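In what follows, a structure is listed as structure tokens, so that the remarks can point back to it.
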2 protein chains.
Amino acid sequence: MVTIKDVANMAGVSVATVSRVINETGYVHADTRKKVESAVQQLNFKPNEVARSLYKRKSRLIGLLLPDITNPYFPQLARGVEDRMQENDFRLIFGNSDENKQKEMDYIQTFIQNNVVGVISSTNYPDTDTYLKLKIPVVFLDRTLGDSPSVYSDGREGGRLAAQEMLARGSKRITIMQGPAHIRPAQDRFQGAIEVLEESGLPYHIIRTSSFSFHDAESSAKELFHKYAGTDGIIASNDIAATAVLHEALRLGLKVPDEVQIIGFDDIPLSRLLSPSLSTIRQPSYEMGREAANLLIQLIEQTNVANKNIQFPVQFVERDTTRKVD
Amino acid sequence: MVTIKDVANMAGVSVATVSRVINETGYVHADTRKKVESAVQQLNFKPNEVARSLYKRKSRLIGLLLPDITNPYFPQLARGVEDRMQENDFRLIFGNSDENKQKEMDYIQTFIQNNVVGVISSTNYPDTDTYLKLKIPVVFLDRTLGDSPSVYSDGREGGRLAAQEMLARGSKRITIMQGPAHIRPAQDRFQGAIEVLEESGLPYHIIRTSSFSFHDAESSAKELFHKYAGTDGIIASNDIAATAVLHEALRLGLKVPDEVQIIGFDDIPLSRLLSPSLSTIRQPSYEMGREAANLLIQLIEQTNVANKNIQFPVQFVERDTTRKVD
DNA sequence: CCTCTTTGTGTAACCGGTTACATGTATACG
DNA sequence: CGTATACATGTAACCGGTTACACAAAGAGG
């Protein structure tokens, strides 16, 4: 491995001078700089980030914690984060938490041990000691807590929108799927939908789902049509759940959207590819990822941050699991 | 930050002794160990990985390089890698290469600067100097090069399978989509399909596609039906392409699978959710990710590795874009 | 021409661990 | 009982950078 010492030797200067050149700090004579740069070139010297990190007590690493990259909602988020971080030469240590507190805490722990300078986390436990005691900036992605820095979308409004569109399109016996209890955004959108349905005075049903896996979604969908056979509109907890519902509806020979309308949440890439394509409430996940990264960078670089809680608007995407109105 | 020195002070021993306790090396008196362990507990001491890494010149970090996590084929792979690495307390530095050589080299560079102990890469450029000169083990995932460690599936056999199933199901005017030229596995499966069709003596057509993005796949699909309107069987370069083809076929009012059969490649989660669900050649991507991680761990830990080139079998998954035979 | 400031460079401490080596004590064995 | 060996622990060098500080030379100002 080529070290700063090798460069110093070749250039005939001390390591301090080499350090000054590569970091552009302090005074260095133009001629000296030339010699050093030439040596750096010839030896193809790249400073060891670990040594740097040890002395400075900070690295160029960021911890990114997501529930499960295998859930189609998250790759977009991750990609947004990565792209933005890349622009500022930060690297990501990445982990899947499976919504599991212990796994999450373990990850945070090793992030710290590796001197990461910031964390982006899509956690259900933002108010855990581990987070509260962290001495480095954290951005909560897709989750919020007080005025801790966070990037999320307007779940409640999304739920409201879904219910409104459902009503506007004539469903009368709506069923709302309530996502996992410990996942905040799932509850927000659920509340939003409930609000609108309460205001409408129409009857409605609720189905609880325990996770966002496709497998669980399938059983919930079965349960739903079994329990509430007459339902004519389903507000799903997300697009995965909506997909399962759509499948079950088609399997039962129900006409979508004529007999049952379905609205999902997220707008994952899959949604437009289904047949019929899925109407849904869109969250701009790539942009959210980028923005979370952006916010974290600002926090790290101490530039005074105007807005530490960034809420993205959601939007109804009309496709083919809802009827047309005009 | 709690350092080893703090622990040493509290326990009334030297840092060397603390180090011996936490690493379980050398001799330590049982009583001393007790005192140290108690101090470690009370102070909640976690050794700084950066300091460790600097001295040992190796970390517990692994570099993972994938083309694009947003492509639904890769999350499974990534998850497999992560799960296996997690079991052995390795962490991942993750990057998207976008099949871009420069970006890839930059990533490898910073991996090295961070003392990663191994790399898993799904690269198109395995024979670049950057890889050849690496002093740490590399496992090529979904790609091969000579007898460099690699984990991949039998693309050629997959192509053959697709063509055989297509023929067995009665398609006579088959079109094969040739994936991006620089992506090896895409070419392998293409070759496999060509072989079988050549053997069959039936005429066939070829459509070239430039990338695996859905957008490009859509234009290729349009071009395909425009140029070869009479085609009655399409062997797509992957499931994304197959999805685009399926959509275009339905849009044109073609009956799938009666008038056109479609076979994809990969078996991404989306495939079974389409309507009609997509028949495809399955690669066990999660297992491949796990196995790549497993192989890399063996390589890192120097246990003598029996087989450094692990080929996974592929398998035809019969769904609804192909006709039934019996 | 003398003093003050700016420029330029090197020496060595430091970051937080690991480990080679020295040293001392306890135990084993002839 | 003397010596070889196992056990126990501390001191200090080391990993590869960064930077405080010391010092010298050059330029500026009166």
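Predicted model, so just to flag it, every value in this text is computed and none were measured. A, B, ... follow the sequence lines: proteins, then strands. Residue 1 opens every chain.
The side-chain tip of A:R91 points at the ring of B:Y107 from less than 6.0 angstrom away and within 45° of straight on.
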Start with the C-alpha gap between A:K103 and A:D106, add the side-chain angles, then the distance that decides, and say whether side chain to side chain contact (heavy atoms under 4.5 Å, CB included) holds.
CA-CA 5 Å; A:K103 225 175 155 184; A:D106 288 353; 5.7 Å; no
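In this structure, the ring of B:Y131 has its center less than 6.0 angstrom from the ring center of B:F140.
Contact of the B:I4 side chain with the B:S19 side chain is registered, since non-hydrogen atoms from C-beta on lie closer than 4.5 Å. Side-chain contact check for B:F312 versus B:Q283: every heavy-atom pair is 4.5 Å or farther apart.
Rounding to whole angstrom units, NE2 of residue B:H29 and C1' of C:dG24 are separated by 15 Å. One can place CZ of A:R33 at 13 Å from P of C:dT7, the figure rounded to the nearest angstrom.
Distance check, rounded to the nearest 0.5 Å: CG of B:N48 to CG of A:L54 gives 6.5 Å.
Of all nucleotides in DNA chain D having an atom under 4.0 Å from a heavy atom of chain A, the first and last in 5' to 3' order are D:dG16 to D:dA20.
Contacts of B:T32 with the nucleic acid, taken as non-hydrogen atoms under 4.0 Å apart, involve only primed sugar atoms and P, OP1 or OP2.
Between A:K35 and A:D31 there is no salt bridge, since no side-chain nitrogen of the basic residue lies less than 4.0 Å from a carboxylate oxygen of the acidic one.
Relative ring orientation between A:F94 and B:F94 is described as tilted, the plane-to-plane angle lying within the 30° to 60° band.
At a non-hydrogen distance threshold of 4.0 Å, B:V2, B:T3, B:I4, B:A16, B:S19, B:R20, B:I22 from residues 1-22 of chain B come into contact with DNA chain C.
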